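A quick note: this is a predicted structure, and the numbers were derived from the prediction, not measured. These numbers come from the heavy atoms of this one structure, side chains and all, not from hydrogens, waters or symmetry mates.
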Amino acid sequence: MALFKRSTPGKAGEWYYCIKHGKVEEGPECPAKNRLGPYATEAEAARAIETVHRKNEEWDNDPRWGDAPRRDGEGTSD
């Protein structure tokens, strides 16, 4: 008999996007290092990559966070 059970963190009804497999999953199936989420709906999880790109663009262009060069190389003095 095992002393410790491996339980899956998270709850049914929570949706994740696995960046390794490029798929939406209900409840965490893949390791946390490969997941985005949790999201409230399957549709939100399916748009996870779009959401990440949009938020990165917003943060890159936020004047309050202008202390580092942008990811696209603009604004560098090289």
Side-chain angles (χ1 to χ4, degrees):
M1 183 169 141
L3 292 175
F4 301 100
K5 292 182 183 178
R6 286 188 105 179
S7 63
T8 305
K11 302 175 239 169
E14 290 183 334
W15 294 90
Y16 296 85
Y17 182 81
C18 174
I19 57 175
K20 181 176 181 181
H21 299 110
K23 67 177 188 130
V24 173
E25 49 192 48
E26 183 175 11
E29 294 175 21
C30 292
K33 67 181 182 178
N34 296 332
R35 290 192 319 255
L36 299 174
Y39 295 95
T41 67
E42 184 177 8
E44 285 180 37
R47 292 189 307 269
I49 296 296
E50 295 168 28
T51 302
V52 166
H53 287 298
R54 181 181 47 79
K55 286 184 177 182
N56 282 343
E57 185 66 27
E58 289 172 6
W59 291 331
D60 283 346
N61 294 309
D62 188 332
R64 295 173 295 172
W65 297 99
D67 57 342
R70 292 174 36 161
R71 282 184 248 276
D72 59 8
E74 288 185 24
T76 59
S77 59
D78 296 327

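- To the nearest 0.5 angstrom, Leu36 atom CG is 5.5 Å from Ile49 atom CD1.
- Between the CD atom in Glu26 and the OH atom in Tyr16 there is a gap of 10.5 Å [rounded to 0.5 Å].
- The structure places CH2 of Trp15 at 9.0 Å from OG1 of Thr41, a figure rounded to the nearest 0.5 Å.
- The residues Glu29 and Lys23 are annotated as salt-bridged, a charged nitrogen and a carboxylate oxygen being separated by less than 4.0 angstrom.
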| task | Report the C-alpha separation of Arg54 and Glu58 in whole Å, then their side-chain angles, then the decisive distance to 0.1 Å, and conclude whether the salt bridge (Lys or Arg N to Asp or Glu O under 4.0 Å) test is met. | result | CA-CA 6 Å; Arg54 181 181 47 79; Glu58 289 172 6; 3.2 Å; yes

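- Atom CD of residue Glu14 and atom CZ of residue Arg35 lie 9.5 Å apart, to the nearest 0.5 angstrom.
- Under a 3.5 Å cut-off, the side chain of Asn34 and the backbone N or O of Cys30 do not form any donor-acceptor pair.
- Taking every heavy atom of both residues into account, Ala40 and Glu44 meet most closely at N-OE1, 3.8 Å.
- To the nearest 0.5 Å, atom CD1 of residue Ile19 and atom OH of residue Tyr17 are 8.5 Å apart.
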